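Source: prediction; values computed, not measured. Letters A, B, ... mirror the listed sequences (proteins, then strands); counts begin at 1.
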Amino acid sequence: MPSVEGWLRTSRYLKSRRPSPRVLLLSISNPPHNLLNGDVLYELSKVLKMLSAQETGVVILTSNIDDLFISHYDVSEIVDLASLVPEGSRIPPSVIRGALYVESWLHTFGLRPWIRRSTVAGLANLNCYHEVLQLLRSIPQVTIAAINGRAFGGGCELALACDFRFMVDTPAEGIPGEARGSGLGQPEITLGLIPGGGGTQMLARMLGPAKALEICLEKTLLTAEEARDLGLVNALYSRKELMPKTFEFAERMARRAPAAVAAIKDSVYEGASRPIMQGMRRENGNFGSCAMEPEALLAMKKYLEQQDDILGDDTLQKFQPLQDGTFSEFRPNSAYLERQWSRVTPRTPRQPVEELVQIRETARARIKERAKERAKAAKAK
Amino acid sequence: MPSVEGWLRTSRYLKSRRPSPRVLLLSISNPPHNLLNGDVLYELSKVLKMLSAQETGVVILTSNIDDLFISHYDVSEIVDLASLVPEGSRIPPSVIRGALYVESWLHTFGLRPWIRRSTVAGLANLNCYHEVLQLLRSIPQVTIAAINGRAFGGGCELALACDFRFMVDTPAEGIPGEARGSGLGQPEITLGLIPGGGGTQMLARMLGPAKALEICLEKTLLTAEEARDLGLVNALYSRKELMPKTFEFAERMARRAPAAVAAIKDSVYEGASRPIMQGMRRENGNFGSCAMEPEALLAMKKYLEQQDDILGDDTLQKFQPLQDGTFSEFRPNSAYLERQWSRVTPRTPRQPVEELVQIRETARARIKERAKERAKAAKAK
Amino acid sequence: MPSVEGWLRTSRYLKSRRPSPRVLLLSISNPPHNLLNGDVLYELSKVLKMLSAQETGVVILTSNIDDLFISHYDVSEIVDLASLVPEGSRIPPSVIRGALYVESWLHTFGLRPWIRRSTVAGLANLNCYHEVLQLLRSIPQVTIAAINGRAFGGGCELALACDFRFMVDTPAEGIPGEARGSGLGQPEITLGLIPGGGGTQMLARMLGPAKALEICLEKTLLTAEEARDLGLVNALYSRKELMPKTFEFAERMARRAPAAVAAIKDSVYEGASRPIMQGMRRENGNFGSCAMEPEALLAMKKYLEQQDDILGDDTLQKFQPLQDGTFSEFRPNSAYLERQWSRVTPRTPRQPVEELVQIRETARARIKERAKERAKAAKAK
């Protein structure tokens, strides 16, 4: 199994470290303007696919450059894409969708590296961008964007695809070195373009169509405060506090059960974008699947033993461990994580855990007992 | 026809009363912690299916226990569900969706009571839960949750499936008896679970994906004030005011036309969760269907007679009866309600109402007249 | 090619003028109450279809009557619709959807004028209404509602279908002439009806289901302030400022590239109402299509020449032209607009622009160079 840490050491655009064991910090480094481009995204997609839930519970995306998250997507790559067609011809969106579909089909045969060296590299880059966004929305890790400065265009979109966003607040005026710090937006319209990495989609789904149109058509740049007030950013911190607060939050999130994290992300992103009955059924399936995970069983058993105590306390103080996640930590080497969750690792048969067998047997006995009671009650009627 | 009142007298978990003729109050009673479980939901689904629009215009859900709405869904029933599979096996969501589908198919043959006594009772309970939620979203009654205290997990989800939510505000600190009062949230993640009764769906559709993830993954408990500020709760009241204010609101809502209530609920819940053109067409059909209801015709006729008066008044004071719904009350024994709306009652032929015939004839004469005018105008051109 | 200006001179219900060359102001005039009806909508749909992006970048909808936008849809036309069916019969929504579908099919053969003179005119009017709403959401012009007063029912829905809404603020109390000014809402429920022009859809998509139900079922009239606070209205202005501020905004919007405006509107309205992967793909196609437009290429080239300068400036002052849209104006006679965008004008072959050829050649040379570099790098590994 290739190690993500080993691969990251050879990475050109991604610096990495682990502020705590189950938290992986990825810093994008493409000086001077930290432009997003096909190469950066190719490395990102590689890392995200290699992550295992056993080792990593949280991924933090940030930049390696002071006061600058990501300026925007590299415009020269968009020109490449645009310059492929005969000048003056108008290509309908459906044709481009078709070409992108063909490229992603060829990718399944491992042809992307070859396509990225051809004149249609633009298609491969655009598909690769969307693969990264889709991975951020679907991996069992909690993803956090620590926006340490300007995030326009593609940078804003990359942040919007993460589960949480923390951002530096607008710096004091008149201090030149910090003026670069803030701002988030989609200025594509002023170049005759539109957001191409899900900007219209995430803004419209987060804020509704009216606000999304306002941002994409007119108010193209938002200050950090505006972004926070709209709910685009979860919290603002000063420059000094941004990373410590993000690490603190990440450590708390790293205690969540990976299966439940993936299930919630799928229910929210995929389920809630569908007609309501389809969304409900999707959540149902995810719920049942999580409830059958061994460590959820362990946690439920622990909870049932203490339930009367916890709920009986009017001040809810005994509920605290449930709120901050210390009640049942889903750590590496916990019952769950003994089995591999990641897609890249093979399934291995595993010895039954004594305790789990006991829970199941108790539960089954209970079901039988209740069934008898109900049958008796039904007869009595 | 079985009477809902009669059935409710034999109910074990539901206490009922009518604060006013067309308003039905259902109080869930499952001491000590008011846990939601399969039996409670089975009774709820039974009652909701028996309601007739003729008798009931508003359903209020509350609890029969002081300062406690519903603690959460009974965890021991989730353990039952979980303990059905061989330990260590991972069941994909699609298999669970399939099993739930089979159960609801068997239910159409009336086999649910039998299933609920078997070892796969968990599937029947989960389907029954979703039947209740879907009924709350589709019945022609306005549904209101009067949240008189703590509502976590399944309790929160039951409230979110209602059309309106009123809640007790956070009690003064230091008063032990009231400290139990407030709070709403989805703490499932800390047990390795996810919301299973539409929590992810309603939160994401009400607040967008970013806020829904924040609540489901991290900020698992919200105070009443936070819930109100987010728009999850329509209004907060003190303990003393909660029920009187809810009854006052309910009485106003009981004057709405049941057909229009059902049409608005369907357009909002079902229509607006679909692609925009499909949603528009759904609303269109609902609109036309409502406009053809006899009592809508009566109301429109009354309005046309007074239109110049109402719209001519610059202060909009004459508009008041339209705003508070006293302009045209849709009461039992009104033209509309003579016909049965409820699914459980048979259609009976009915004598034409003199007045309606008159409206229709006037309208038809008017159409012919306008057609002639238009033809004349067309010729003149 | 029929000129929109010429047609507007013969219009009965629409007064028009051009406050600036690329901005078209349409004032609806149907005294005394400015009711919306089939004839008004028929004229609106005609004008919106005739617009060419070459001449018009922004459409402003307002009313020709002081302190009154649109009272509501003409109730007598709804009675016409309703009186077509045998009294006492209940028509399910699906049948009405079917009838509307048949009407819009007949319309493709040009039969609508004939249908509008028949007894089923109501169906034609409802379809025509939805055609106008769909045009407002899809034309490459930015659409703005300047709500100069009361906008209830259909008037509120017409405004909600525009991209931006500016509204007069609530006038000072006690001044009789101005009391008529404000208010926006959907009071249909009090007549036993529901919003029929997308009110439930736009409200639910903009505010979520809970707030949409509150507005449609209970709080049927909102003041201008409430509408602004909810985000239903983009900004409030005094009576004197409303039109000057709207014109100023419109002039700025008229500099946007029509192809990008249409692409953003489609991505937001259509894309974001679909499952997330479908929405992303829709945005992708729109993005690629815009990026291939000649004037986007010109703007990107200009940007690439100045990129280091713009991004290197920490104060973001050089970014200003990108934010206010003066960086690259997409005017009539710009490279793009030499080609016709509008559906009604024929495609004409066009001489290649020297500059564009140069951009493309430079870009292609650059691609080849990069491909060589990459191949070399790959060999080196």
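When heavy atoms are compared at a cutoff of 4.5 Å, Leu133(C) approaches chain B solely by way of its side chain, counted from C-beta outward. Proximity to chain B (any heavy atom under 4.5 Å) is shown, for Leu191(C), by both the backbone and the side chain. Both the backbone and the side chain of Leu193(C) come within less than 4.5 Å of a heavy atom in chain B. Of the two parts of Pro92(C), only the backbone, made up of N, CA, C and O, holds a non-hydrogen atom closer than 4.5 Å to a non-hydrogen atom of chain B. Proximity to chain C is absent for every atom of Lys302(B), based on heavy atoms less than 4.5 angstrom apart. With a 4.5 Å cut-off on non-hydrogen atoms, Asp266(B) does not touch chain C at all. Within the 4.5 angstrom heavy-atom criterion, only side-chain atoms of Gln134(C), from C-beta onward, approach chain B. Proximity to chain B is limited to the side chain of Leu35(C), based on heavy atoms less than 4.5 angstrom apart. The parts of Met280(B) that come within reach of chain C are both its backbone and its side chain, each placing non-hydrogen atoms under 4.5 angstrom from that chain. Using a 4.5 Å cut-off between heavy atoms, Ile264(B) touches chain C through backbone and side chain atoms alike.
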Val79(C) vs Lys301(B), side chain to side chain contact (heavy atoms under 4.5 Å, CB included): CA-CA, chis, key distance, verdict: CA-CA 8 Å; Val79(C) 173; Lys301(B) 191 201 161 204; over 6 Å; no
Derivation of the side chain to side chain contact (heavy atoms under 4.5 Å, CB included) call for Asn284(B) and Ile96(C): CA-CA 8 Å; Asn284(B) 260 355; Ile96(C) 292 161; 5.9 Å; no
Met206(B) vs Leu207(C), side chain to side chain contact (heavy atoms under 4.5 Å, CB included): CA-CA, chis, key distance, verdict: CA-CA 7 Å; Met206(B) 286 163 84; Leu207(C) 308 176; over 6 Å; no
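By number of non-hydrogen pairs under 4.5 angstrom with chain B, the leading residue of Arg274(C), His130(C), Lys211(C) is His130(C). Between chain B and the residues Gly199(C), Ala204(C), Gly198(C), Pro275(C), the most heavy-atom pairs under 4.5 angstrom are made by Gly198(C). Heavy-atom pairs under 4.5 Å with chain C were tallied for Ala263(B), Cys162(B), Ala272(B); the largest tally goes to Ala272(B). Chain B forms the most heavy-atom pairs under 4.5 Å with one residue out of Cys216(C), Gly196(C), Ala210(C), and that residue is Gly196(C). Taking Gly279(C), Gly197(C), Gly122(C) one by one and counting their heavy-atom pairs under 4.5 Å with chain B, the maximum is reached by Gly197(C). Counting heavy-atom pairs under 4.5 Å between each of Leu232(B), Val261(B), Thr326(B), Val142(B) and chain C puts Val261(B) at the top. When each of Ile78(C), Leu100(C), Leu217(C), Val95(C) is checked for heavy-atom pairs under 4.5 Å with chain B, Leu217(C) comes out on top.
Here the shortest heavy-atom pairing between Thr190(C) and Phe327(B) reads O-CD2, 4.5 Å. Of all heavy-atom pairs between Ile194(C) and Glu283(B), the closest is CD1-O, 4.0 Å. The nearest pair of heavy atoms linking Glu270(C) to Ile276(B) is OE2-CG2, 3.5 Å. Nearest heavy atom pair, residue Phe164(B) against residue Glu214(C), reads CE2-CA, 3.7 Å. Of all heavy-atom pairs spanning Arg256(B) and Glu218(C), the tightest one is NH2-O, 3.5 Å. The shortest heavy-atom contact between Asn286(B) and Pro93(C) is OD1-CG, 3.3 Å.
Side-chain contact check for Thr200(C) versus Arg282(B): every heavy-atom pair is 4.5 Å or farther apart.
The distance from atom OH of Tyr129(C) to atom CZ of Phe287(B), rounded to the nearest 0.5 Å, is 8.5 Å. The NE2 atom of His72(C) sits 8.5 Å away from the CG atom of Leu322(B) when rounded to the nearest 0.5 Å. Taken from CD in Gln201(C) to OG in Ser273(B), the straight-line distance is 9.0 Å, to the nearest 0.5 Å.
Side-chain atoms of Ser289(B) come within 3.5 Å of backbone atoms of Ile91(C) as a donor-acceptor pair (strictly under, hydrogens ignored). The backbone N or O of Arg97(C) lies less than 3.5 Å from no partner atom in the side chain of Arg281(B), so there is not a single donor-acceptor pair.
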